[in-house]
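Structure first, commentary second.
For this chain, numbers begin at 1 and follow the sequence in order.
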Amino acid sequence: MMLELKIANRYLFSKKSTNAINIISMVSGVAMLFGTMVLILVLSVFNGLEGLIKSLYSSFYSDIAITATEGKVFEITPALQNQLNAISYIDAYSYALEENALLEYTDKQHICTVKGVDENYFKVINKFDTFMVDGKKILKKDSINFCIMGVGVAQKLGLDPSRAFNPVAIYMPKKAGASFSSMENAFNKSYVNHAGAFAVSDEFDTRYTFVPLDFFQQLTGNSNKASQIEIRLKNSNTTNAAIAQIKQSIGKSFTVKSRYEQNEVLYKILKSEKWITFAILLLIMIIASFNIVGALSMLVLEKKKDIATLTALGIQKNSIVKIFLLEGVLMSLIGATIGMVLAFTLCILQQKVGLVPMPGSSFLVHYYPVKMQLSDFLAVGSVVFIISLLAAYMPAKKAAEAVEKEYLTYLS
C-alpha cells in the first residue's frame, strides 16, 4: 500500500502536461472543502439551536405535567393533594389554569394565553428570574392582583412597564347561556396591575401573561379548579420512575407527561430539519464529486505510459486500482481537512465574537448559537471518504482494465 500511496501522492502534486487537469483537480478539492465546511457549520448551528431551545423549554416547562384525561379542567381535592404529597420524587408542585383571553390596555387590545398560577409556581420554575427583563416577579401583594407579561404582549398593548400607571383589563367569555347583545353581557371583566415583563423567545413572549390562580379561577368561573399540575422533581434523572409512581397513585383520570412529551413534536421537528438539511447538502456534495471523476479520467489518459511501464515492472492490476482510488481519496480528504479547519475556526469565532446575529429583538440570544460535536466531524469525514471512493472507483477500474488492452503497446 505504501508504494501505491507514494505514486498517488506524486500524481496529485506533480505538474500535469495539460493545465485543464490541474484546474479540474483544484475545483474538485475546493468543492469538497466548501461542502465539508458548510456541512459542519450547518450541523453545528442546528446543534446550538437544539441546545438553546431545550434549555429554554427546560427552564420554562416543568419536569412533569399532569392534565385531565377527559375535559379541560379538574377539581383540586384534598385527596389529590395528599396523593401528590406522598410521592417521594416530587420536590415541588403547582396548580395552573390556562385560557385564552382578551387583554386591553388604554385603547389597544391583544388576545393571548392567560395562565393563572399559585404561589408555588416559581418554586417549580425556579429559573424564572433569569427571564425577567423589567419590573418585579410579583403576582399578589396586599390583596392586590398583578400580572407578568411577555414583552411581546406588552408591545402589542403599547404598554411601557416603567410607565404602566393604568391597570390591564382582562376579558373572558361567559359560559353558555349568557346574552351576547353587548360586550358587558358577553364577557366577564376584571383588572390587574402590571408588575413586570419577561423575555424567553418570540413564541412565549407574544403568547403568555401570568396572573394569580385564585383571581383567574374567579374570572373564568372555575372555582377550585385547574387545568394542569406542574411538577419539579428532586432529581430530573428519575423522571421515568416518578411518572410511573404518579400514574399508579392518581389513576387513569389524569395524563402524565415528561418535559420531552410536552414538546415531543418540536423535538422531532428539530431532528428532522437537521437531517433533511444534511441530506440536501450531501446530495450537493455527491454532485460536486463528479469533478473527481473527470479529473481522474483525464489523469488516466495522461499517465498511460507510466502505467504501462509500471505494469512491465510487475505491478499488479489491483495496485493500479489502488493508485487511482488513493488519488481520489487524497484529492477529497485534503479539501475536507481544510474545510473542517475553517469550519472549526468560524464556529469558535461565532462563539467568542458573534459573527452572525440572531433575528428578533426580544430574543435572549443575540447571535446564532453553535455547538460542535466530534460525532459530526467523524460523520462528515466518513461521508467524504465514501463519496471519494465511489467517485474514484470507476476511473480506477477502467485504468486497470485498459492495461491489458492498450497500455502495453506503449512499450514497443
Side-chain angles (χ1 to χ4, degrees), residues 8 11-13 16 19-53 267-300 324-351 354-359 367-398:
Y11 283 174
L12 181 63
F13 293 104
K16 317 297 189 297
N19 193 43
I21 302 176
N22 292 321
I23 295 174
I24 295 175
S25 299
M26 185 177 298
V27 169
S28 303
V30 171
M32 287 299 171
L33 184 155
F34 281 102
T36 303
M37 181 180 70
V38 171
L39 269 176
I40 294 293
L41 289 175
V42 168
L43 292 176
S44 298
V45 169
F46 270 104
N47 292 335
L49 288 172
E50 183 179 355
L52 172 64
I53 291 173
Y267 293 145
K268 287 182 177 179
I269 289 174
L270 284 173
K271 288 291 184 183
S272 60
E273 283 182 344
K274 175 180 177 180
W275 294 115
I276 288 172
T277 306
F278 179 85
I280 293 172
L281 293 175
L282 182 60
L283 180 61
I284 294 172
M285 287 189 68
I286 291 173
I287 295 172
S289 69
F290 285 107
N291 290 312
I292 299 174
V293 177
L296 289 180
S297 297
M298 295 181 69
L299 186 63
V300 168
F324 288 99
L325 282 177
L326 289 170
E327 178 82 6
V329 171
L330 286 174
M331 197 181 299
S332 298
L333 289 185
I334 290 173
T337 302
I338 297 173
M340 287 183 181
V341 172
L342 289 175
F344 180 82
T345 304
L346 289 173
C347 286
I348 293 296
L349 289 174
Q350 179 70 9
Q351 290 174 342
L355 301 176
V356 183
M358 172 75 78
Y367 299 96
Y368 272 103
V370 292
K371 180 182 178 182
M372 291 179 285
Q373 293 182 352
L374 179 61
S375 59
D376 291 338
F377 283 84
L378 294 176
V380 172
S382 300
V383 165
V384 171
F385 180 77
I386 293 171
I387 289 175
S388 59
L389 273 181
L390 294 175
Y393 178 73
M394 192 58 68
K397 186 179 179 182
K398 287 185 176 180

Is there a side-chain contact (heavy atoms from CB on, under 4.5 Å) between Asn47 and Met372 once you walk through the steps?
CA-CA 7 Å; Asn47 292 335; Met372 291 179 285; over 6 Å; no
Atom [atom1] of [X] and atom [atom2] of [Y]: how far apart are they, to the nearest 0.5 Å?
{"X": "Ile286", "Y": "Leu281", "atom1": "CD1", "atom2": "CG", "result": "11.5 Å"}
{"X": "Tyr368", "Y": "Leu52", "atom1": "OH", "atom2": "CG", "result": "11.5 Å"}
{"X": "Leu283", "Y": "Ile287", "atom1": "CG", "atom2": "CD1", "result": "4.5 Å"}
{"X": "Leu355", "Y": "Ile348", "atom1": "CG", "atom2": "CD1", "result": "11.5 Å"}
{"X": "Ile334", "Y": "Ser388", "atom1": "CD1", "atom2": "OG", "result": "11.5 Å"}
{"X": "Lys274", "Y": "Ile269", "atom1": "NZ", "atom2": "CD1", "result": "16.0 Å"}

Going by the side-chain contact (heavy atoms from CB on, under 4.5 Å) test, name the single residue among Leu333, Thr337, Leu389 that passes it with Val384.
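Among the candidates, only Leu333 passes.
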Sorted by first residue and then second, give each salt bridge (Lys or Arg N to Asp or Glu O under 4.0 Å) pair with at least one member in residues 278-296; sequence neighbours left out.
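Found none.
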Can you list everything that forms a side chain to side chain donor-acceptor pair (under 3.5 Å) with Lys371? Sequence neighbours excluded, please.
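Partners of Lys371 by the side chain to side chain donor-acceptor pair (under 3.5 Å) criterion come out as none, since no residue qualifies.
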So which atom in Tyr367 and which in Gln350 form the shortest heavy-atom distance, rounded to 0.1 Å?
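Nearest pair, atom of Tyr367 first, then Gln350: CB-NE2, 3.7 Å.
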Less than 4.5 Å apart, any side-chain heavy atom of [X] and any of [Y]?
{"X": "Asp376", "Y": "Phe46", "result": "no"}
{"X": "Leu39", "Y": "Phe278", "result": "yes"}
{"X": "Met285", "Y": "Thr36", "result": "yes"}
{"X": "Ile40", "Y": "Leu346", "result": "no"}

